[in-house]
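Comments concern the structure below.
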Amino acid sequence: MPSDATLTRLPEKADVAVIGGGYTGLSAARSLAKRGLKVAVLEANTIGWGASSRNGGMVLTGLKLSMQTVLSKYGRETARQLFQCSLDSIDTVEQIVNEENIDCGFARAGHLVVANKPGHYHALEAEAEFMQREFDHPLKLVPRAELRTEIGSEIYHGALLDEVSGGLNPAQYATGLARAAQKAGAVLCARARVIRLGRGGSGFVVETERGQVRVEKVLIATSGYTSRITPTLQRRIIPIGSFIIATEKIPGSLIQELSPHNRMIFDSKHYLHYFRLWDGRMIFGGRAAFFPETGSTVRRSAEILRREMIEVFPQLRATQVEYAWGGTLDFAFDMMPHVGEKDGLYFSLGYAGHGVAMATYLGRTAGEAIVTGDLNEHPLARINFPGAPFGLYDGRPWFLPFAGLWNRILDWVE
């Protein structure tokens, strides 16, 4: 933990305050600073502290909702624009990694959706046909008889491969993005938890635990850690814990058996698992506990995830788990990402597990919009950002145990 002497001093004034030092905030800060604005990134903990450095590092096409659902809900034209946003988000990550020489192992390894039941594979067949027809986006079906070419597990009934997706080391990427923002001229202020946000003249006064900053505009980039500093946004975001274990290093021959092409892999359940290889280790994650991360939820989740990893890969029964961690994701009630602005207060939230790419992209988008004022026509700004039905939510997710149970029931019956 940095001492008070090593913390960056808060500027008294800036053009823009970015609240949150994760992918969204750092990408926005880089974009703004490169355009000559004075930017202060205000982070409650250390830069990159939250889910931005504690995720699975999957850089994925699509959105949390299936594109069939998106098309049904928003219509063909908007759905195609939204899917293009997801493709642009991966390109954005790749571009920044290349421009800033970020050493984070980014690679277009592709993602693989594995079917837990025969009916799920039939749904993947329909999805492949739909994505080709409606979005001209080719996907490759992998029938069960050929599954060993992609994954060393016997429990699945086939898979669907998207070769556009990628992967990276999330903490290394967050560190590189922070350096890029700083190099562009942004001031990164760790341990500067915002305690009050108010109007001041034509702009805002942002009070932190280390002092205040006067700014013209503010970007809320707090994702799953959105607080009562912005109560309207807090009531629209559900913080959900996602947890990951990492094994000890695995022999090379077993690595080749488990994942021959090092895909980003996740299954077809509601209570899903996601996993990949990194640095000779199996990285295995899931919603083992819906509540945000704490010491106790991480420990309990590690026990659950190890058992479930062995169900997928019995070959790892004797393999030790060396690390476990969790991060808090941000889900909107419609499971869509949202970006917008009201009276000089900008926001970008709701990535629902697709934040590596989408947060980077929407952070840059919000940063550009702060300069140009042109955001309202963006497809993710045009869609409605709903709150809870009947207003039965104040930012405290009392219903998460019921949501977890409901997802398990769906996995049983579907």
Side-chain angles (χ1 to χ4, degrees), residues 2 6-8 16 18 20-43 45-61 85-111 163-190 219 221 223 244 246 249 261-264 276-281 283 325 327 348 351 354-368 370-371:
T6 62
L7 289 171
T8 301
V16 183
V18 176
Y23 295 145
T24 305
L26 295 172
S27 179
R30 173 182 178 269
S31 179
L32 287 160
K34 286 172 76 73
R35 285 161 174 77
L37 273 70
K38 186 175 181 181
V39 188
V41 177
L42 308 175
E43 166 57 44
N45 295 285
T46 54
I47 300 298
W49 173 85
S52 288
S53 58
R54 289 183 270 128
N55 63 77
M58 298 186 178
V59 188
L60 303 176
T61 62
C85 288
S86 82
L87 301 181
D88 293 345
S89 73
I90 301 175
D91 292 343
T92 300
V93 171
E94 188 170 40
Q95 178 185 7
I96 291 174
V97 167
N98 290 335
E99 287 181 355
E100 304 292 350
N101 295 311
I102 300 175
D103 182 11
C104 61
F106 175 81
R108 296 259 190 169
H111 83 249
E163 295 185 294
V164 176
S165 295
L168 48 68
N169 180 303
Q172 290 175 348
Y173 177 56
T175 299
L177 196 54
R179 287 175 180 158
Q182 208 162 24
K183 183 178 74 173
V187 179
L188 309 186
C189 304
L219 171 63
S223 295
I244 300 174
K249 293 207 173 186
H261 305 291
N262 196 20
R263 309 288 192 198
M264 308 296 108
R276 60 175 296 198
L277 296 169
W278 176 265
D279 191 31
R281 305 172 190 269
I283 311 298
W325 64 90
S348 181
Y351 308 119
H354 284 245
V356 179
M358 192 56 71
T360 303
Y361 165 71
L362 286 183
R364 187 182 73 174
T365 298
E368 292 171 348
I370 288 171
V371 176

Do you know which two heavy atoms are closest between [X] and [Y], and how far apart they sit?
{"X": "Gly25", "Y": "Ala221", "answer": "N-CB, 3.7 Å"}
{"X": "Ala174", "Y": "Ser52", "answer": "CB-O, 4.3 Å"}
{"X": "Leu168", "Y": "Pro170", "answer": "O-CD, 3.4 Å"}
{"X": "Ile283", "Y": "Ala246", "answer": "CD1-CB, 3.6 Å"}
{"X": "Ala29", "Y": "Ala186", "answer": "CB-CB, 3.9 Å"}
{"X": "Leu277", "Y": "Asn262", "answer": "O-OD1, 3.2 Å"}

Point-to-point distance, once rounded to the nearest 0.5 Å, from [atom1] of [X] to [atom2] of [Y]:
{"X": "His111", "Y": "Met58", "atom1": "NE2", "atom2": "CE", "result": "9.5 Å"}
{"X": "Thr92", "Y": "Leu87", "atom1": "OG1", "atom2": "CG", "result": "10.5 Å"}
{"X": "Leu219", "Y": "Ile370", "atom1": "CG", "atom2": "CD1", "result": "5.0 Å"}
{"X": "Ser27", "Y": "Met358", "atom1": "OG", "atom2": "CE", "result": "12.0 Å"}
{"X": "Lys183", "Y": "Lys34", "atom1": "NZ", "atom2": "NZ", "result": "7.0 Å"}
{"X": "Gln172", "Y": "Ile102", "atom1": "CD", "atom2": "CD1", "result": "10.5 Å"}

Answer yes or no: is there a side-chain heavy-atom contact under 4.5 Å between [X] and [Y]?
{"X": "Val59", "Y": "Tyr173", "result": "no"}
{"X": "Tyr23", "Y": "Ser223", "result": "no"}
{"X": "Leu188", "Y": "Thr8", "result": "no"}
{"X": "Leu362", "Y": "Thr24", "result": "no"}

Using modelled atom types only, decide if a donor and an acceptor are shared between the side chain of [X] and the backbone of [Y] within a distance under 3.5 Å.
{"X": "Arg263", "Y": "Ala109", "answer": "yes"}
{"X": "Arg54", "Y": "Trp49", "answer": "yes"}
{"X": "Arg108", "Y": "Val164", "answer": "yes"}
{"X": "Thr365", "Y": "Tyr361", "answer": "yes"}
{"X": "Thr360", "Y": "Val93", "answer": "no"}
{"X": "Ser165", "Y": "Leu60", "answer": "no"}

Is the closest basic N to carboxylate O distance between Arg30 and Glu99 below 4.0 Å?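 Between Glu99 and Arg30 there is a salt bridge, with a charged N closer than 4.0 Å to a carboxylate O.
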Just by distance, no angles: are the side chains of Arg179 and Thr175 close enough, under 3.5 Å, to form a donor-acceptor pair?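 There is no such pair (donor and acceptor under 3.5 Å, judged by atom type) between the side chains of Arg179 and Thr175.
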Apply side chain to side chain donor-acceptor pair (under 3.5 Å) to the pair Ser31 and Arg35, showing each step before the final yes or no. CA-CA 7 Å; Ser31 179; Arg35 285 161 174 77; 3.0 Å; yes
